[in-house]
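A short worksheet on the structure shown next.
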2 protein chains.
Amino acid sequence: MTDATPRRRATIEDVAARAGVSRAAVSKVLRDAYGVSDAMRERVTAAMAELNYRPSIAARGMRGRTYTIGIELPDLANHFFDRIVRGAMGALAGTPYQLIIAPAETGTRRGFRALEALVDRQVDGLIAVSPRVDEDALDRIAASVPLVMFGRLDTSNQYDVVAGDDLGGARLALEHLFGLGHTRIAHLTLPDEDPNAPFPHSGRLREYLAGMAAAGLEPEVWHSDDGTDFAYRATREAIAAGTQATALFAAHDELAIGAMRAIAEADVEMAVVGYDDVPLASHPAFGLTSIDQPGERMGARAVELLLERFAGRTTAVREVFDVELKARASTRPSAG
Amino acid sequence: MTDATPRRRATIEDVAARAGVSRAAVSKVLRDAYGVSDAMRERVTAAMAELNYRPSIAARGMRGRTYTIGIELPDLANHFFDRIVRGAMGALAGTPYQLIIAPAETGTRRGFRALEALVDRQVDGLIAVSPRVDEDALDRIAASVPLVMFGRLDTSNQYDVVAGDDLGGARLALEHLFGLGHTRIAHLTLPDEDPNAPFPHSGRLREYLAGMAAAGLEPEVWHSDDGTDFAYRATREAIAAGTQATALFAAHDELAIGAMRAIAEADVEMAVVGYDDVPLASHPAFGLTSIDQPGERMGARAVELLLERFAGRTTAVREVFDVELKARASTRPSAG
DNA sequence: CTGAAAGCGCTAACAA
DNA sequence: TTGTTAGCGCTTTCAG
């Protein structure tokens with residue numbers, strides 16, 4: 001018992017033995033709990049270091065906290081989500097929490113399995129980025145773990161929400177194109193997007209339809225699966241089908257980038273506006289006009305909301321972030 | 001005991017009570033273990049469904065498996081890693097394993113904390129993408145969990161390796177530029193990259209230096225932190241400092257893309273070759289010549305190696321994937 | 001084929 | 001201030 005432990009990881013028991021104290025004492029030091037003398041703290045800390053002790057998260061999970069925050073992401077290839085993660089990690093620095101990402105599977109109920117996996121792993125807090133999950137499932141999840149939903153347009157009293165102003169953003173995009181004289185403006189969005197659903201893209205679509213209608217213009221909606229490649233194909237097909245659109249408002253930048261590929265290849269003139277303002281949008285090779293959503297700040301805020309919940313807040317919070325149009329070459333007459 | 005459970009999650013005990021069997025029986029059904037009658041399986045399955053039962057991963061972790069595979073990633077913004085994750089998820093489909101991603105923190109020993117966090121969470125298998133971690137730490141980790149290292153140039157008998165042919169890839173890049181008549185070729189790589197270290201970028205740097213030397217040419221190495229933005233700045237500075245380079249071999253595509261931004265802004269002529277062939281490289285806005293590494297296949301293979309370990313393999317495996325040059329506009333004389 | 005029971009490493013009362 | 005102890009939910013012998 002007192003000689004070097006073999007291969008296996010040191011446990012709290014080993015540390016206690018090494019330091020000549022009880023397990024409870026070690027646990028208290030670990031958790032910074034009240035009632036430990038400096039002398040004991042020192043001995044325990046030393047023993048932990050010598051044994052290279054690391055607490056088992058599974059064992060901790062059995063009793064409560066796992067010091068883990070999970071984030072479900074729909075698409076790793078979308079740089080906007082990278083902005084969110086970066087912000088979240090920044091806000092987590094200095095706390096004992098670890099961030100883990102569960103990538104959403106594709107298909108219907110996209111993100112549902114990832115969310116479940118995270119709940120099964122007893123994360124202390126959960127951030128979900130627009131999963132295609134029904135309200136009931138969300139409420140059920142929120143009942144067992146603090147949840148922050150990204151981009152929901154509606155309000156819940158079960159979970160917190162961090163969102164951008166999707167309606168305002170869509171309006172900015174549309175007005176920008178109107179100001180440039182465009183009247184035949186297409187909108188590229190995801191499949192089966194319902195303008196009345198509470199998702200970000202639904203809001204953008206809704207506002208697009210409303211704005212076109214208000215201007216007495218005919219809407220033209222293209223659909224594609226998520227991702228640059230699918231957007232490329234959808235746009236290629238729209239062009240092949242003889243679209244008369246002179247401008248395109250894409251539901252997010254990755255879609256816009258895919259669309260630009262088809263536009264470049266077909267060598268047609270079409271102004272493009274994206275959404276999110278991913279870093280690439282400002283690259284001179286693209287010069288993509290986009291609606292800037294402050295992803296880093298939104299990610300950081302999501303983490304803060306979780307930390308507040310840990311600290312005891314029980315009322316739901318909804319935070320909406322302003323967005324901003326960044327005009328670039330993709331919507332300047334000469335740029336095509 | 002027999003009426004509806006309140007708010008709390010159903011446990012194996014609840015299922016057993018509901019089905020009128022023992023906990024052990026439920027556990028066996030859960031794990032598909034030997035020795036359960038069809039009748040019992042059916043009753044148990046029904047009870048699980050009725051109670052919406054999901055096993056606690058933490059409790060399972062206490063006794064062994066967590067059905068979780070962890071992957072440490074250095075940079076979410078790099079699309080090559082997305083290729084890897086996509087491949088890994090594909091290989092995991094249909095297995096009971098869940099993939100979780102731990103993003104590496106920045107700074108020295110980048111990725112170390114993420115790796116530790118994953119080990120603390122008792123993942124069943126670990127995939128690490130070029131963390132800046134010393135051999136000892138890796139061996140220690142590999143002693144407690146099956147580990148697949150991405151991109152290591154050296155061989156280990158503690159862990160498996162999946163890598164691309166970095167030396168061959170660098171040679172392809174260099175010869176391509178030589179063939180175009182370039183003699184002043186710069187190489188953009190990460191800071192403190194040691195040509196003799198066992199990392200992918202080290203190998204690319206080493207081969208670059210060797211190739212230039214063999215051709216009797218003067219090497220010119222630029223350094224930047226990882227990421228498009230840093231590459232942009234480094235390139236801008238190199239240009240401002242009056243580099244005579246007519247071509248640039250960037251250690252990966254994200255760096256190349258950042259460099260192209262500086263090149264475009266400064267309006268100079270410089271051929272660019274990247275590495276990885278991320279989807280964006282073939283976008284007409286870039287037309288970036290790149291070395292294609294089959295990221296999806298590599299990610300899938302990494303998962304397979306882990307599954308083989310779970311199945312009992314104990315000898316270390318090292319797999320090297322061929323790479324291929326994709327010539328595009330960025331290295332055609334007219335493209336700059 | 002089924003059940004009883006030990007125990008994984010930790011936290012949190014409660015006692016001393 | 002420190003120690004004792006009862007579980008948390010699951011897997012896994014070992015009996016029946």
Side-chain angles (χ1 to χ4, degrees), chain A residues 1 5-45 47-48 51-68 96 119-122 124 144-145 310, chain B residues 1 5 7-45 47-48 51-68 96 119-122 124 144 310:
Chain A
M1 263 303 179
T5 43
R7 265 286 146 255
R8 110 194 132 63
R9 232 174 128 101
T11 73
I12 203 172
E13 184 78 58
D14 300 325
V15 175
R18 175 81 165 210
V21 300
S22 72
R23 300 204 321 268
V26 178
S27 178
K28 282 186 179 172
V29 170
L30 217 46
R31 293 172 291 127
D32 250 329
Y34 172 81
V36 257
S37 65
D38 287 357
M40 165 158 287
R41 185 191 318 285
E42 195 163 324
R43 288 171 60 199
V44 170
T45 307
M48 294 197 303
L51 296 176
N52 210 299
Y53 169 74
R54 316 214 84 224
S56 153
I57 299 293
R60 284 182 149 185
M62 296 285 300
R63 305 302 268 125
R65 310 265 64 81
T66 56
Y67 298 97
T68 307
V119 172
D120 291 346
R121 282 157 186 76
Q122 283 168 255
D124 294 341
S144 79
V145 53
F310 300 164
Chain B
M1 259 306 179
T5 41
R7 264 287 146 254
R8 111 195 131 62
R9 232 177 128 104
T11 72
I12 202 171
E13 183 80 57
D14 300 324
V15 176
R18 177 80 165 211
V21 300
S22 72
R23 301 202 323 266
V26 178
S27 178
K28 282 186 179 171
V29 171
L30 217 46
R31 293 172 290 122
D32 251 330
Y34 172 81
V36 254
S37 64
D38 287 357
M40 164 159 286
R41 186 193 318 286
E42 196 163 323
R43 289 170 60 200
V44 169
T45 307
M48 295 198 301
L51 297 175
N52 211 300
Y53 169 73
R54 314 214 85 226
S56 153
I57 299 293
R60 284 183 148 184
M62 297 282 303
R63 304 301 271 133
R65 308 266 65 80
T66 55
Y67 298 96
T68 307
V119 172
D120 291 347
R121 281 155 186 77
Q122 284 168 255
D124 294 340
S144 79
F310 299 164

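None of the values given here were measured: they were computed from a predicted structure. Quick note: numbers below take in every heavy atom, side chains included, and nothing from hydrogens, waters or symmetry partners. So that the names make sense, note that chain A is the first sequence line, chain B the second, and so on, each numbered from 1.
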What contact category does [X] fall into here, base, sugar-phosphate, or nothing, at under 4.0 angstrom with non-hydrogen atoms?
| X | value |
| --- | --- |
| A:Val26 | nothing |
| A:Gly35 | base |
| A:Ala25 | sugar-phosphate |

What are the bounds, 5' to 3', of the part of DNA chain D that sits under 4.0 Å from heavy atoms of chain A?
-> D:dT1 to D:dG9

Return the value, rounded to whole Å, for the distance between atom [atom1] of [X] and atom [atom2] of [N].
| X | N | atom1 | atom2 | result |
| --- | --- | --- | --- | --- |
| B:Glu13 | C:dA4 | CD | C1' | 12 Å |
| B:Lys28 | C:dT2 | NZ | P | 8 Å |
| B:Met62 | C:dC10 | CE | P | 8 Å |
| A:Ile57 | C:dG9 | CD1 | P | 14 Å |
| B:Arg63 | C:dA5 | CZ | C1' | 11 Å |
| A:Arg8 | C:dG7 | CZ | P | 15 Å |
| A:Arg65 | C:dA12 | CZ | C1' | 14 Å |
| B:Gln122 | C:dG9 | CD | P | 9 Å |

Kindly say whether [Y] contributes a backbone atom to a donor-acceptor pair with the side chain of [X] at under 3.5 angstrom?
| X | Y | result |
| --- | --- | --- |
| A:Asp124 | A:Arg65 | no |
| A:Arg23 | A:Ile12 | no |
| B:Thr45 | B:Arg41 | yes |

For [N], does either OP1 or OP2 sit under 4.0 Å from a side-chain N or O belonging to [X]?
| X | N | answer |
| --- | --- | --- |
| A:Arg31 | C:dA12 | yes |
| A:Ser27 | C:dT11 | yes |
| A:Ser56 | C:dG9 | no |

To the closest 0.5 Å, what do you measure between [atom1] ([X]) and [atom2] ([Y])?
| X | Y | atom1 | atom2 | value |
| --- | --- | --- | --- | --- |
| A:Met62 | A:Gln122 | CE | CD | 8.0 Å |
| B:Ile57 | B:Thr66 | CD1 | OG1 | 7.0 Å |
| A:Arg8 | A:Asp14 | CZ | CG | 4.5 Å |
| A:Asp38 | A:Met40 | CG | CE | 11.5 Å |

Would you kindly compare A:Ile12 and B:Asp38 by the position of their nearest DNA chain C nucleotide and give the one closer to the 5′ end?
-> B:Asp38

To the nearest 10 degrees, what angle separates the axes at the start and end of the helix from C:dC1-D:dG16 to C:dA16-D:dT1, five pairs each?
-> 40°

Does any donor atom in the side chain of A:Ser56 or A:Arg60 lie under 3.5 Å from an acceptor atom in the other side chain?
-> no

Indicate whether the side chain of A:Arg9 and that of B:Ser144 have a donor and an acceptor atom separated by less than 3.5 Å.
-> no

Validation row: B:Val21, B:Val44 side chains within 4.5 angstrom (heavy atoms) = yes

Where the side chain of A:Arg23 is defined as all heavy atoms beyond and including C-beta, which of C:dG3, C:dC10, C:dA13 is the nearest nucleotide?
-> C:dC10

